[in-house]
**Q** 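Dropping the structure in here first, questions after.
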2 protein chains.
Amino acid sequence: MNETTDAIMDAAECRIRAGGYTGFSFRDLASDVGVKSASVHYHFPTKETLAAAVARRYKDRFLAAVDQDIADGSDVVAAWKSGFRQALHRDGRMCLCGVLGAAAGALPDEVLTEVRAFFEAGLAQMTARRLTAEKASQVLATLEGAMLLANVLGRPAAFDDATAALR
Amino acid sequence: MNETTDAIMDAAECRIRAGGYTGFSFRDLASDVGVKSASVHYHFPTKETLAAAVARRYKDRFLAAVDQDIADGSDVVAAWKSGFRQALHRDGRMCLCGVLGAAAGALPDEVLTEVRAFFEAGLAQMTARRLTAEKASQVLATLEGAMLLANVLGRPAAFDDATAALR
DNA sequence: GTCTATAATTTGATAGAC
DNA sequence: GTCTATCAAATTATAGAC
């Protein structure tokens, strides 16, 4: 993976988190990165391939950050909460897999598979840390919903309100 | 509003809840309803107009159903929970305003305004019933996130898991 | 109100030169 | 690896006949 590949994935992640899978074009990304759309196709043959790669990278990064937080002494719930909170405050955007998952009906198979893997991995990681299936679902749902609320209202503080009771 | 207008709005609601604002076309709706796309434009001049009308109708219906539930003796949280649960189980789909709100960056102004109104009205209705702003945010977030989780995992039971502790 | 026809633009994707 | 050029299809939207 070279610099251009990464820049394309960065631009795609940014655009997907703002407008979803059907909300951006190869020309948008090309313009963001400073190349032509044919060059984007050189790095990622299809839109499906690109979005799946972006979702996979997002999942891996996110889970690694949470793991690190736990290794540093956080409990699972606090680690997930701070992961989402950081993603919101640093980037001012929704969770990538939340945006994609909400419009799941518009996703090609390969992309849907990666998005599902994010949520399944989240639930699995929490239950492995002794949370019940119910509690894990509640935590993930509240965090995703809090991101959504903050995103749509344009009010980042809504995330903190919605997750204040979460522990 | 005549039958065709309603049928177009029904089809649009269905398609938006599956794939979002950018996930359907006028030709999709025309084919769903059994007319040509020019006829859809006769009823709704632009896509923005149509989506805004659909979001407004969704909000009005949803709030009315919750109000009725409360009038029948439910408490606010239970009423909202059953409203979302019904929308999920009856239609097997996400919340319309949840889908649209997640990809807020892809929404024209008029549509974003209606979607925000749904969430603001929800928060207002709960705080009017003596819930704190924090609690109201938590309830809305958990419900929207639970819909998202059930939707992306294709597992309606995930909604019940995620909302089991909500009251 | 619905149709046919079409304009104007955008889309995902490919061929081939450099 | 990136470009120019282009394709075929799809998109939102309009004009005008019936």
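Chain letters run A, B, ... following the sequence lines, proteins first and then strands; every chain starts at 1.
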**Q** How many Å lie between CZ on B/Phe24 and P on D/dA13, as a whole number?
**A**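 That distance rounds to 10 Å.
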
**Q** Measure from CG on A/Leu29 to P on C/dT10 and round the result to the nearest Å.
**A**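 Spelled out: CG on A/Leu29 to P on C/dT10 is 16 Å.
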
**Q** Ignoring backbone atoms, establish whether A/His41 has a side-chain N or O less than 4.0 Å from OP1 or OP2 of D/dT2.
**A**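 The answer is no; no side-chain N or O of A/His41 sits under 4.0 Å from OP1 or OP2.
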
**Q** Does a nitrogen or oxygen in the side chain of B/Thr4 sit under 4.0 Å from OP1 or OP2 of C/dT2?
**A**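 Looking at the OP1 and OP2 atoms of C/dT2, one of them is under 4.0 Å from a side-chain N or O of B/Thr4.
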
**Q** Reckon B/Lys47 has a side-chain N or O less than 4.0 Å from the OP1 or OP2 of D/dT12?
**A**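 Answer is yes, contact under 4.0 Å.
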
**Q** Would a hydrophobic clustering, with Ile, Leu, Val, Met, Phe, Trp and Tyr connected at side-chain separations under 4.5 Å, put A/Tyr42 with A/Phe26?
**A**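 Different hydrophobic clusters.
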
**Q** Does either side chain, that of B/Asn2 or that of B/Thr5, offer a donor lying less than 3.5 Å from an acceptor on the other one?
**A**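 Checked: B/Asn2/B/Thr5 side chains pair up, N/O donor to acceptor below 3.5 Å.
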
**Q** Let me know the distance between CZ of B/Arg27 and P of C/dT10, rounded to the nearest Å.
**A**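 Rounded to whole Å, this separation is 16 Å.
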
**Q** Whole Å only: how far is the NE2 atom of A/His43 from the P atom of C/dA13?
**A**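 So the NE2-P distance, A/His43 to C/dA13, works out to 16 Å.
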
**Q** Of the candidate nucleotides D/dT6, D/dA13, D/dC3, which contains the atom at the shortest distance from the side chain of A/Ala38?
**A**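 Looking only at side-chain atoms, A/Ala38 lies closest to D/dC3.
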
**Q** Pick base, sugar-phosphate or nothing for A/Phe26, based on heavy-atom distances below 4.0 Å to the nucleic acid.
**A**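 Result for A/Phe26 = sugar-phosphate.
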
**Q** Between C/dC3 and B/Ser39, is there an OP1 or OP2 to side-chain N/O distance shorter than 4.0 Å?
**A**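 Yes, because at least one side-chain N or O of B/Ser39 sits under 4.0 Å from OP1 or OP2 of C/dC3.
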
**Q** Determine, for B/Phe24 and B/Lys47, whether the Lys NZ or Arg CZ falls below 6.0 Å from the six-membered ring centre while staying within 45 degrees of the axis.
**A**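 Cation-pi check for B/Lys47 and B/Phe24: passes.
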
**Q** So, A/Arg57 and A/Asp10, do they make that salt bridge, N to O below 4.0 Å?
**A**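 A/Asp10 and A/Arg57: salt-bridged.
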
**Q** Phosphate oxygens OP1/OP2 of C/dT11: is one of them under 4.0 Å from a side-chain N or O of A/Ser25?
**A**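 Answer is yes, contact under 4.0 Å.
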
**Q** Take atom NZ of B/Lys36 and atom P of C/dT4, then tell me their distance rounded to the nearest Å.
**A**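 Value for this atom pair: 5 Å.
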
**Q** More than 12 foreign heavy atoms under 6.0 Å from CG of B/Asp109: is that the case here?
**A**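 No, the 6.0 Å shell around CG holds no more than 12 heavy atoms from other groups.
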
**Q** With respect to the phosphate group of D/dT2, does any side-chain polar atom (N or O) of A/Tyr42 fall under 4.0 Å of OP1 or OP2?
**A**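 Answer is no, no contact under 4.0 Å.
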
**Q** Which whole-number value in Å describes the distance from A/Glu3 CD to D/dT2 C1'?
**A**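 It works out to 15 Å between those atoms.
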
**Q** Expressed as a whole number of angstroms, how long is the span from B/Phe44:CZ to D/dT14:C1'?
**A**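 To the nearest whole Å, that distance equals 18 Å.
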
**Q** Rounding to an integer number of Å, can you tell me how far B/Leu50 CG sits from D/dT11 P?
**A**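 In whole Å, D/dT11 P and B/Leu50 CG are 15 Å from each other.
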
